[in-house]
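Worksheet for the structure shown next.
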Amino acid sequence: MPRGTLEVLLVSAKGLENTDLLSNMDPYAIITCRTQEKKSSVASGQGSEPEWNETFLFTISEGVTELKIKLMDSDNLTNDDFVGESTIPLGAVLAEGSVPIASYNVVKDDKYCGEIRIGLNFKREAGSDEGYYRQEESFGGWSQSSRDY
């Protein structure tokens, strides 16, 4: 499994359920990758269509398979309200190095409640897959076959 740095671009959300009755909600995101947690800024007054355009960095190590994003509504006088969450599988970005900005479903109580737009980039740590590549070469991979011609 590769090790390295995961860059998460939190772009925006849409179609979120407004949890405030008298005004637009003030959403923010809590992004979790295993034990690492990052919090976005509060999109004050942006309601169900917030925009953040913020980047967060996470250190990736063995066994990391997903990213969790929890959307909350910041409230001054009461506890913050849970808006919904999204779980993003990391297999594609770990294999390819990047995943373009895409929309992911936000759910609350197993029901669709909007979308969040995220972009992902992964920078592999030098030598993190060294053993894997060495093994591949010993079986006559690309580098060996190209020398035969």
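No hydrogens, no waters, no symmetry mates; every other heavy atom, side chains included, goes into these values. Not measured: the values here are computed from a predicted model.
- The shortest non-hydrogen separation linking Met72 to Val83 is C-CG2, 3.7 Å.
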Kindly indicate, with the supporting measurements, whether the criterion side-chain contact (heavy atoms from CB on, under 4.5 Å) is fulfilled by Val107 and Thr87.
CA-CA 9 Å; Val107 296; Thr87 300; over 6 Å; no
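- Clustering ILVMFWY residues whenever any of their side-chain heavy atoms sit less than 4.5 angstrom apart, transitively, puts Leu67 in a cluster other than the one holding Val11.
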Check the pair Lys39, Glu37 against salt bridge (Lys or Arg N to Asp or Glu O under 4.0 Å), reporting the backbone distance first and the verdict last.
CA-CA 7 Å; Lys39 181 181 169 187; Glu37 188 175 279; over 6 Å; no
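- Counting heavy atoms from C-beta on, the side chains of Ile118 and Leu9 never come closer than 4.5 Å.
- Under a cut-off of 6.0 angstrom, the local environment of CD in Glu115 is crowded, with over 12 non-hydrogen atoms contributed by other residues, nucleotides or ligands.
- Using a 4.5 Å heavy-atom threshold, the side chains of Tyr112 and Val106 count as separate.
- Residues Arg124 and Leu94 approach most closely at NH2-O, 3.0 Å, considering heavy atoms.
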Test Thr59 against Gln36 for side-chain contact (heavy atoms from CB on, under 4.5 Å), laying out the working first.
CA-CA 8 Å; Thr59 301; Gln36 302 168 74; 3.9 Å; yes
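- Connection of Ile30 to Phe56 is not established within any shared hydrophobic cluster, with ILVMFWY side chains joined at heavy-atom distances below 4.5 Å, either directly or through further cluster members.
- Under the 4.5 Å side-chain heavy-atom criterion for ILVMFWY residues, a single connected hydrophobic cluster contains both Tyr104 and Val93.
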Step by step, would you call Glu7 with Thr55 a side chain to side chain donor-acceptor pair (under 3.5 Å)?
CA-CA 7 Å; Glu7 178 184 270; Thr55 301; 5.4 Å; no
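- A distance-only check finds a donor-acceptor pair linking the side chain of Glu54 to the backbone of Ser41 [under 3.5 Å].
- Judged purely by distance below 3.5 Å, without hydrogens or angles, the side chains of Asp73 and Thr19 pair a donor atom with an acceptor atom.
- Considering only heavy atoms from C-beta on, Leu120 comes within 4.5 Å of Ile88 through its side chain.
- Checking Val8, Leu90, Thr32 one by one against Phe58, the side-chain contact (heavy atoms from CB on, under 4.5 Å) holds for a single residue, Val8.
- In this structure, Lys108 places its NZ atom where more than 12 heavy-atom neighbours from other residues, nucleotides or ligands lie under 6.0 Å away.
- Closest approach of Ser98 and Asn121 over heavy atoms only: CB-OD1, 2.9 Å.
- The two residues Leu6 and Ile60 have their closest heavy-atom pair at CB-CG1, 3.6 Å.
- Ser12 and Glu49 are not linked by any side-chain donor-acceptor pair at a separation below 3.5 angstrom, with hydrogens and angles left out of the test.
- When side chains are defined from C-beta on, Trp52 counts as touching Pro27, because their heavy atoms get closer than 4.5 Å.
- Note that the CD1 atom of Ile116 and the CG atom of Asn105 stand 11.5 Å from one another [nearest 0.5 Å].
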Go through Ile31 and Ser40 one step at a time and tell me if the side-chain contact (heavy atoms from CB on, under 4.5 Å) criterion holds.
CA-CA 8 Å; Ile31 306 168; Ser40 75; 5.8 Å; no
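- Of all heavy-atom pairs between Glu17 and Met25, the closest is O-CE, 3.4 Å.
- In summary, the side chains of Tyr28 and Asp80 do present a donor paired with an acceptor at a separation below 3.5 Å, with no hydrogens or angles considered.
- Minimum interatomic distance between Asn24 and Gly45 (heavy atoms only, all atoms of both residues): ND2-O, 3.3 Å.
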